[in-house]
Amino acid sequence: VVVTGSDDHLWKMWALPDGDIIMTGEGHTDWLSGCCFHPSGTQLVTSSGDTTVRIWDFSKRGCILTLEGHAHAVWDCSWHSCGDFVASASMDNTSKIWDINSERCRYTMRGHKDSVNSIEFLPFSNTVLTSSADKTLSLWDART
């Protein structure tokens with residue numbers, strides 16, 4: 001499976017090796033910057049220049065949740081290995097941990113002096129790694 005974004009703010013999921021389109025997502029109002037499959041493979045999280053993060057459910061064939069709270073474009077997103085949390089990295093110099101069950105931001109991580117460009121959970125851990133245009137990497141404890 002391959003997920004691609006396009007200039008019309010849609011994303012498409014393609015089956016390999018035959019190249020058939022499995023699903024198309026519409027809802028972001030600006031460019032797509034990142035995507036990550038849920039650990040179970042049943043959902044997808046996407047990040048966008050429209051400042052939002054969206055959760056897509058394959059069985060419902062659409063967006064089930066839009067997470068809003070960043071002040072600028074969101075560069076990257078990542079699922080926690082338990083599947084209950086999403087992390088996002090933004091041009092607003094912050095990253096966020098979102099609780100999918102309560103549909104709210106659990107933590108906002110501040111400290112970078114420039115855009116946060118990527119974010120990733122250490123598997124089976126509460127540790128988050130971010131990289132920034134300020135030329136630093138930071139390790140965060142997502143619980144504090």
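On a predicted model such as this, the values are computed, not experimentally measured, just so you know. Positions are given from 1, in the same order as the sequence printed here.
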Any donor-acceptor pair under 3.5 Å from Asp76 side chain to Ile119 backbone | yes

OG1 on Thr130 to CG on Asn117, rounded to 0.5 Å = 9.5 Å

Stepwise, does the side chain to side chain contact (heavy atoms under 4.5 Å, CB included) test hold for Ile100 with Asp84?
-> CA-CA 5 Å; Ile100 302 307; Asp84 291 332; 5.6 Å; no

Approximate separation, where rounding is to 0.5 Å, of Leu129 CG and Trp140 CH2 = 11.0 Å

Ser90 versus Val116: any side-chain heavy-atom pair under 4.5 Å?
-> no

Residues Cys36 and Cys77: closest non-hydrogen pair is CB-O, 3.9 Å

Checking Ser78 side chain against Glu120 main chain: does a donor-acceptor pair fall under 3.5 Å?
-> no

Are Arg54 and Ser48 close enough that some pair of their side-chain heavy atoms sits under 4.5 Å apart?
-> no

Heavy-atom closest pair (Pro123 atom, Ser81 atom, distance to 0.1 Å) is C-OG, 4.1 Å

Apply side chain to side chain contact (heavy atoms under 4.5 Å, CB included) to the pair Ile97 and Phe121, showing each step before the final yes or no.
-> CA-CA 10 Å; Ile97 305 297; Phe121 281 101; 3.8 Å; yes

Can you name the closest pair of heavy atoms from Trp79 and Leu44 and give their distance?
-> NE1-C, 4.2 Å

Here the gap from Leu65 atom CG to Ile55 atom CD1, rounded to the nearest 0.5 Å, amounts to 5.5 Å

Could you tell me the separation between the CD atom of Glu103 and the CG atom of Leu67, rounded to the nearest 0.5 Å?
-> 8.0 Å

Counting only N and O atoms by type, is there a donor-acceptor contact under 3.5 Å from the side chain of His38 to the main-chain atoms of Gly83?
-> yes

How far apart are the C-alpha atoms of Ser47 and Ser88, what are their side-chain angles, what is the distance that settles it, and do they pass the side chain to side chain contact (heavy atoms under 4.5 Å, CB included) test?
-> CA-CA 8 Å; Ser47 54; Ser88 59; 6.0 Å; no

So, does His80 use its side chain to make a donor-acceptor pair with the main chain of Leu122 at under 3.5 Å?
-> no

Provide the closest heavy-atom pair for Asn93 versus His112 in the form atom of the first, atom of the second, distance.
-> CB-O, 3.7 Å

Step-by-step side chain to side chain contact (heavy atoms under 4.5 Å, CB included) determination, Asp99 to Phe85 | CA-CA 5 Å; Asp99 183 329; Phe85 301 96; 3.9 Å; yes

Under 6.0 Å from the CZ atom of Arg110, do we count more than 12 heavy atoms belonging to anything else shown?
-> no

Do you know which of Ser33, Ser132, Ser131, Ser115 makes side chain to side chain donor-acceptor pair (under 3.5 Å) with Trp75?
-> Ser115

All heavy atoms of His70 vs all of Trp98, minimum pair found to be CD2-CZ2, 4.2 Å

To the nearest 0.5 Å, how far apart are OG1 in Thr51 and CG in Asp92?
-> 9.0 Å

Within a strict 4.5 Å, meaning less than it, do heavy atoms of the Val53 and Lys96 side chains meet?
-> no

